[in-house]
Novice: 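The structure follows.
No experiment lies behind these values; they were computed from the predicted model shown.
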Amino acid sequence: ENGGSASVVVKTVPSADTLLSGNLSTMIFVDEDGNVTSDAWVIVATHSTITNGSLRRYAILSNGQILSIPKTGVRSVYGTTHQLFNTSGSKTWIKPTGCREIAILLWGAAGNGGDGDTSNAGGAGGGGAFLQLIRDVEDVASISFTLGAAGSGGGSTGSGGAGGSTTFGGFTLSGGDGGQRGGVGSAGGGGGVVSGSDSNYESVVSMNGGKGGNGYKSSAGGGGSGGIPGIAGSNGVSGSIVTGPTCIWPLIVIPEVTSTGGDGGLGSSSAATAGKPGVGPGAGGGGGGAYSNAGGAGTVARCYIIEFYC
C-alpha cells in the first residue's frame with residue numbers, strides 16, 4: 001500500500017521577499033556534484049502561512065512542484081520520499097525520521113455508473129473531489145485520516161452507489177454520487193465536494209468533482225461518461241459511445257497520475273455494452289447502455305503524502 005522514493009537535490013531560488021513582490025523567476029535542480037539534473041521551471045504562484053507562530057512561504061512551479069522558501073533564498077532538500085495510500089478505511093501516516101514538512105494530495109472516491117434498462121441508458125457516476133495541502137510536521141509524530149470506498153454497483157435498484165466520504169484533518173471530501181438507472185431518470189451523479197477547514201494546514205488547491213453525464217433515453221441510448229475532479233462527463237447519445245474526460249496531474253516527486261472517467265455503454269439491440277469503469281483517482285464510472293447493461297465502477301479515494309527533509 002505504501003511506497004517511497006528518494007533523491008538528493010539543491011533547489012536555488014530568489015529570496016522570499018523577491019518572490020512575494022510578484023516577480024516570477026525560475027528554479028534549477030542540481031545534484032551533489034553541481035550538475036544540472038533537469039530543466040528550470042517558472043514559478044507561477046506563491047503562498048504564505050503562519051505555522052507554529054512562524055511565517056512560512058511556498059512557491060508553486062509550472063511543473064506542479066511545491067518549494068518551501070527560506071528568507072535566504074536557498075533551500076537544500078536532502079532526500080524526498082512519498083507514501084501512497086490507495087485502499088478505503090482508516091489510515092495513519094507515520095513521520096519518517098528527519099521529515100520536516102509534508103505535502104498532501106488527496107482525491108475523493110467516485111460514484112458508480114447507473115445500469116441501463118430495456119429502453120433507456122444509465123447515468124454516469126460523479127467524479128471525486130481533489131485537495132492539496134501543506135503542513136509543517138516538526139512537532140507531529142503521525143496523522144490519521146480516512147479514505148472513502150468507491151461507489152457500489154446498481155444491485156436491485158440499478159442506480160449506482162455513491163463514493164464514501166474521505167476525511168483529513170478538518171477537511172471532508174464527499175464521494176461522487178452514483179448515476180441513476182435508465183428509466184428512473186438516467187441522470188448522472190453529482191461530483192464530490194470539498195468542505196471544512198483546518199488551521200494546521202495550508203490549502204493550495206481545492207477542486208470539486210465533475211458531474212457524471214446523463215444517459216440517453218431511448219432504446220438505442222448510450223450511457224453518460226464518468227466525471228473526474230474539475231471536469232464533467234459527457235451526456236450519452238443515440239447509437240454511439242461517449243468517452244470519458246481525462247486529466248494528467250503534474251505532481252511533486254512522484255510519477256504522473258492520470259484520471260479518466262469511464263466511457264458510457266453503447267445502446268443497441270445487437271451490440272449494447274456496459275459502462276466502463278473509471279481509471280485513476282477520482283474517476284466516475286460510465287453509465288450502462290440500454291438493453292439492461294451494467295454501469296461501470298468508480299474509483300476508491302487515494303492519498304499521496306510527500307515528505308520533505310530540509
Novice: Could you list the residues that satisfy side-chain contact (heavy atoms from CB on, under 4.5 Å) with A271, not counting sequence neighbours?
Specialist: L266, S268
Novice: Say you draw a straight line from CZ of F145 to SG of C303; how long is it, rounded to the nearest 0.5 Å?
Specialist: 4.0 Å
Novice: So if you build clusters from Ile, Leu, Val, Met, Phe, Trp, Tyr with side-chain heavy-atom gaps below 4.5 Å, do V237 and I241 land together?
Specialist: no
Novice: Which one of H82, Q83, R100 satisfies the side-chain hydrogen bond (donor to acceptor under 3.5 Å, both in side chains) criterion with E307?
Specialist: Q83
Novice: Show the numbers, then the answer: is there a side-chain contact (heavy atoms from CB on, under 4.5 Å) between L106 and L133?
Specialist: CA-CA 8 Å; L106 191 63; L133 304 168; 5.7 Å; no
Novice: List the residues meeting side-chain contact (heavy atoms from CB on, under 4.5 Å) with P277, not counting sequence neighbours, and say none if there are none.
Specialist: A297
Novice: Name all residues meeting the side-chain contact (heavy atoms from CB on, under 4.5 Å) criterion together with S142; count only those two or more places apart in sequence or in a different chain, and write none if there are none.
Specialist: T92, I94
Novice: Would I143 and I305 satisfy side-chain contact (heavy atoms from CB on, under 4.5 Å), going step by step from the backbone distance to the final call?
Specialist: CA-CA 11 Å; I143 298 175; I305 298 182; 6.0 Å; no
Novice: What pairs with T146 under side-chain hydrogen bond (donor to acceptor under 3.5 Å, both in side chains), at least two apart in sequence or on another chain?
Specialist: none
Novice: Look up atom CG in L105 and atom CD in Q132, then write down how far apart they are to the nearest 0.5 Å.
Specialist: 4.5 Å
Novice: Taking side chain as C-beta onward, heavy atoms only, is Y201 less than 4.5 Å from L131?
Specialist: no
Novice: Can you give me the closest heavy-atom contact between A290 and A272, atom names plus distance?
Specialist: O-CB, 3.4 Å
Novice: Show the nearest heavy-atom pair for residues S259 and G280, with the distance to one decimal.
Specialist: OG-C, 4.1 Å
Novice: Counting only heavy atoms not in K95 (residues, nucleotides, ligands), do more than 12 fall under 6.0 Å from its NZ?
Specialist: yes
Novice: Can you see which heavy atom on A109 is nearest to which on G148, and at what distance?
Specialist: CB-O, 3.6 Å
Novice: Backbone N or O of E101 within a donor-acceptor pair of the D136 side chain at under 3.5 Å?
Specialist: no
Novice: If the plane angle is over 60° it's perpendicular, under 30° parallel, otherwise tilted; pick one for F130 and W107.
Specialist: tilted
Novice: Other than V279, which residues form its hydrophobic cluster under the rule that side-chain heavy atoms must be closer than 4.5 Å?
Specialist: none
Novice: Between CD1 of I134 and CD of E202, what distance do you get to the nearest 0.5 Å?
Specialist: 5.0 Å
Novice: Which residues satisfy the side-chain hydrogen bond (donor to acceptor under 3.5 Å, both in side chains) test with K211, sequence neighbours excluded?
Specialist: N214
Novice: Would you list the atom pairs, donor with acceptor, under 3.5 Å between side chains in residues 185-198 and any protein atom, with sequence neighbours excluded?
Specialist:
residue : atom : partner : partner atom : Å
S186    : OG   : A121    : O            : 2.8
D198    : OD1  : N200    : N            : 2.9
D198    : OD1  : N200    : ND2          : 3.2
D198    : OD2  : G170    : N            : 3.0

Novice: Nearest 0.5 angstrom please: F168 CZ to I104 CD1, how far?
Specialist: 4.5 Å
Novice: Applying side-chain contact (heavy atoms from CB on, under 4.5 Å), name anything that partners S238, two or more places apart in sequence or on another chain.
Specialist: Y216, S218, A220
Novice: Not counting sequence neighbours, which residues clear ring pair (Phe, Tyr, Trp, His ring centres under 6.0 Å) with Y291? List them please.
Specialist: none
Novice: At what distance, to the nearest 0.5 angstrom, does CG of N293 lie from OG1 of T118?
Specialist: 11.5 Å
Novice: Working to the nearest 0.5 angstrom, can you tell me the gap between T299 OG1 and N112 CG?
Specialist: 10.5 Å
Novice: Do any pairs count as a side chain to side chain donor-acceptor pair (under 3.5 Å) and have a residue in residues 162-177, sequence neighbours left out, and if so which ones?
Specialist: none
Novice: I'd like a table of donor-acceptor pairs (distance under 3.5 Å, sequence neighbours excluded) in which one partner is a side-chain atom from residues 223-231, with atom names and distances.
Specialist:
residue : atom : partner : partner atom : Å
S225    : OG   : S234    : N            : 2.7
S225    : OG   : T243    : O            : 3.3

Novice: Measure across P245 and A232 and return the closest heavy-atom pair with its distance rounded to 0.1 Å.
Specialist: CG-O, 3.8 Å
Novice: If two hydrophobic side chains count as joined below 4.5 Å and joins carry through other members, does V257 share a cluster with V300?
Specialist: no
Novice: Cut-off 3.5 Å, side chains only: do T246 and T260 have a donor facing an acceptor?
Specialist: yes
